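What follows is a single structure, written as structure tokens, with notes after it.
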Amino acid sequence: MQTRITIIGAGAAGLFCAGLLGQKGYEVTIVDNGKKVGRKILMSGGGKCNFTNLDISSGNYLSQNPHFCKSALKRFTQWDFLQLVNQHNIAYHEKGHGQLFCDNSAQDIVDMLVNECQKGTVKFKLQTQVENIESYNQQFKLYTSQGVIDSDKVIVATGGLSMPALGMTSIGYKIAEKFSIPVVPVKAGLVPFTLHKPLLDFLATLSGVALPVEVSNTRISFKENLLFTHRGLSGPAILQISSYWQAGEPININLLPDFQFDSQFQQLLEKNRNQTIKNCLAQILPKRLIEALMQLNLLADTTVKQLNHKQQQQLYNTITQWTVVPNGTEGYRTAEVTLGGVSTEALSSKTMQAKAQSNLYFIGEVIDVAGWLGGYNFQWAWSSAFACAEAITA
Ligand SMILES: Cc1cc2nc3c(=O)[nH]c(=O)nc-3n(C[C@H](O)[C@H](O)[C@H](O)COP(=O)(O)OP(=O)(O)OC[C@H]3O[C@@H](n4cnc5c(N)ncnc54)[C@H](O)[C@@H]3O)c2cc1C
């Protein structure tokens, strides 16, 4: 009898893995609770899917074991995925920071993955919720909303918990726990910050304002855009640092990341000696932001010439070392990724198979590997799926 493989989750990792295995002649069934496959892919990258990055290393990933992702990322790289994208004549472009997006639509990536599945023997079972799993005689019984599925191998590709509206469930973690596989506590990553009152009220007028900043904590910094929202802070810089943020911890925002004190800043003040600080700074920062900082008593409402050297330095420090303590994050509702997940200690980094349960595999975001913003999460989905498929077909 042929090996029956069931993949739970028709997202990025599940679809890619299904195509690879189906083309090798395995009897693959891919089960998903949604009406459509690849729902997160479709809404990713603003509908254009940032499907990988030109510059990928293990340093772009968070995990309790930072070495775990290395082997898979090395064996199926961004160049390998690009080769597939090129074979399917999908037009793409780089948007900065090495991020690659579809020119046309994220649908191109979903169509490519489905097309790869159709080249083989992949059966789709949609609108089917997996509820439980049992193992017996080296095989598995999957209990679903549409009945029982018997399998020789099960691949868990159920993703994380972000965007619950898309049908995300914790079944992947429950399956792990069922086989005594530890799960690293999960939380939202790549997620906007909410702010306490009264700071939130002071910044309310800034909703929609974006500017380049460098945001940091004691461990890491990111130089990208910050966006003020009616709930707090967002934009790529904030999403990136949110994955490294602990509750209660302050973050430091440099509002002039490319402005040196001795050269540019002092020159600006010299040139504008007779102006108010507000009008002078308005040449380099959004006016509404300066007004908000004044309301917060962080900037004085005087003229530039009233400042001595020490006060000039203080003004510069205020703008380049603005300390904000976020209230929290917006949580899974808007998070792009889930931090934590199935412990890498319990999986083989070569095959993604559970060490304690043969024929049970975990791939993609369900594992305790979360990437930075910029195509890193999809690349992890492709690379981990490839590692698993390669191990099964070897
Ligand atoms: C708004 C948004 C934008 C993003 N943009 C990008 C981007 O541009 N670039 C990037 O690299 N990453 C991006 N990400 C992250 C990326 O989408 C994920 O990391 C990636 O989709 C994970 O792939 P996966 O296959 O592991 O899981 P998913 O793609 O989440 O797929 C999991 C599938 O499992 C199904 N499922 C879950 N539970 C069950 C169950 N009990 N029964 C049946 N089926 C179930 C789900 O419905 C889902 O279809 C974005 C995420 C979000 C939320």
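Numbering of ligands and ligand atoms starts at 1, following listing order. Because the structure is predicted, anything quoted here is derived from the model rather than measured. All residue numbers refer to positions in the sequence shown, counting from 1.
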Among all protein heavy atoms, pick out the one at the shortest distance from [atom]; state its residue, atom name and that distance to 0.1 Å.
{"atom": "atom 38 (N) of ligand 1", "answer": "Thr169 OG1, 2.7 Å"}
{"atom": "atom 5 (N) of ligand 1", "answer": "Ser44 CB, 3.2 Å"}
{"atom": "atom 27 (O) of ligand 1", "answer": "Gly159 CA, 3.3 Å"}
{"atom": "atom 14 (N) of ligand 1", "answer": "Glu336 O, 3.9 Å"}
{"atom": "atom 13 (C) of ligand 1", "answer": "Phe378 CE1, 3.8 Å"}

Which of the numbered atoms in ligand 1 are under 4.0 angstrom from any heavy atom belonging to [X]?
{"X": "Met168", "value": "30 (O), 46 (C), 48 (C)"}
{"X": "Ala335", "value": "53 (C)"}
{"X": "Thr128", "value": "42 (N), 43 (C)"}
{"X": "Gly375", "value": "9 (N), 10 (C), 11 (O)"}
{"X": "Asn50", "value": "7 (C), 8 (O), 9 (N), 10 (C), 11 (O)"}
{"X": "Leu166", "value": "47 (O)"}
{"X": "Gly9", "value": "33 (C), 34 (O), 35 (C)"}
{"X": "Glu365", "value": "18 (C), 19 (O), 20 (C), 22 (C), 26 (O)"}

#### Entry: ring-ring contact (aromatic ring centres under 6.0 Å, His included) between Phe179 and Phe362, intermediate numbers included
CA-CA 12 Å; Phe179 294 100; Phe362 293 85; 8.5 Å; no
### Task
Assess whether ring-ring contact (aromatic ring centres under 6.0 Å, His included) is satisfied between Trp372 and Phe222, documenting all intermediate values.
CA-CA 11 Å; Trp372 287 12; Phe222 292 97; 4.9 Å; yes
Does the distance from a Lys or Arg side-chain N to an Asp or Glu carboxylate O, for [X] and [Y], drop under 4.0 Å?
{"X": "Arg288", "Y": "Glu291", "result": "no"}
{"X": "Glu336", "Y": "Lys40", "result": "no"}
{"X": "Lys119", "Y": "Glu116", "result": "yes"}

### Query
Non-hydrogen atoms of Ala157 versus ligand 1: any pair closer than 4.0 Å?
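Contact check Ala157 vs ligand 1: positive.
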### Message
Rounded to the nearest 0.5 Å, what separates atom CG in Leu206 from atom CG in Leu293?
### Response
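Taking CG in Leu206 and CG in Leu293, the distance rounds to 8.0 Å.
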Would you say [X] has any N or O atom under 3.5 Å from an N or O of ligand 1, going by distance alone?
{"X": "Asn33", "answer": "yes"}
{"X": "Val130", "answer": "yes"}
{"X": "Ala13", "answer": "yes"}
{"X": "Ala12", "answer": "yes"}

### Query
Pick one: which of Val213, Asn254, Asp258 meets side chain to side chain contact (heavy atoms under 4.5 Å, CB included) with Lys223?
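Answer to the side chain to side chain contact (heavy atoms under 4.5 Å, CB included) test with Lys223 among Val213, Asn254, Asp258: Asp258.
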Residue selection (non-hydrogen contact nearest [atom]) among [options]:
{"atom": "atom 28 (P) of ligand 1", "options": "Gly11, Gly38, Ser170", "answer": "Gly11"}
{"atom": "atom 1 (C) of ligand 1", "options": "Met163, Lys36, Gln129", "answer": "Met163"}
{"atom": "atom 49 (O) of ligand 1", "options": "Ile175, Asp32, Leu161, Val37", "answer": "Asp32"}

Using only atom types and a distance under 3.5 Å, with no angle test, would you say the side chain of [X] pairs donor to acceptor with the backbone of [Y]?
{"X": "Tyr26", "Y": "Gln2", "answer": "no"}
{"X": "Thr158", "Y": "Gly9", "answer": "no"}
{"X": "Asn279", "Y": "Thr276", "answer": "no"}
{"X": "Arg39", "Y": "Leu166", "answer": "yes"}

### Task
Report the part of Phe51 in contact with ligand 1, treating N, CA, C, O as backbone and CB onward as side chain, heavy atoms under 4.0 Å; options are side chain, backbone, both, neither.
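No part of Phe51 is near ligand 1 at this cut-off.
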### Query
What do we get for Arg39 next to ligand 1 when only non-hydrogen atoms under 4.0 Å count, side chain, backbone, both or neither?
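Answer for Arg39: side chain.
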### Query
Regarding Lys153 and the six-membered ring of Tyr361, is the cationic atom NZ or CZ under 6.0 Å from the ring centre and inside 45° of its axis?
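Not satisfied by the 6.0 Å and 45° rule.
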### Query
Cationic tip of Lys95 within the cone over Phe101's six-membered ring, i.e. under 6.0 Å and within 45° of the normal?
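Geometry flag: set, cation within 6.0 Å and 45°.
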### Message
Minimum heavy-atom separation for Ala370 and Leu339, please, with both atom names.
### Response
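Scanning both residues, the minimum pair turns out to be CB-CD2, 3.7 Å.
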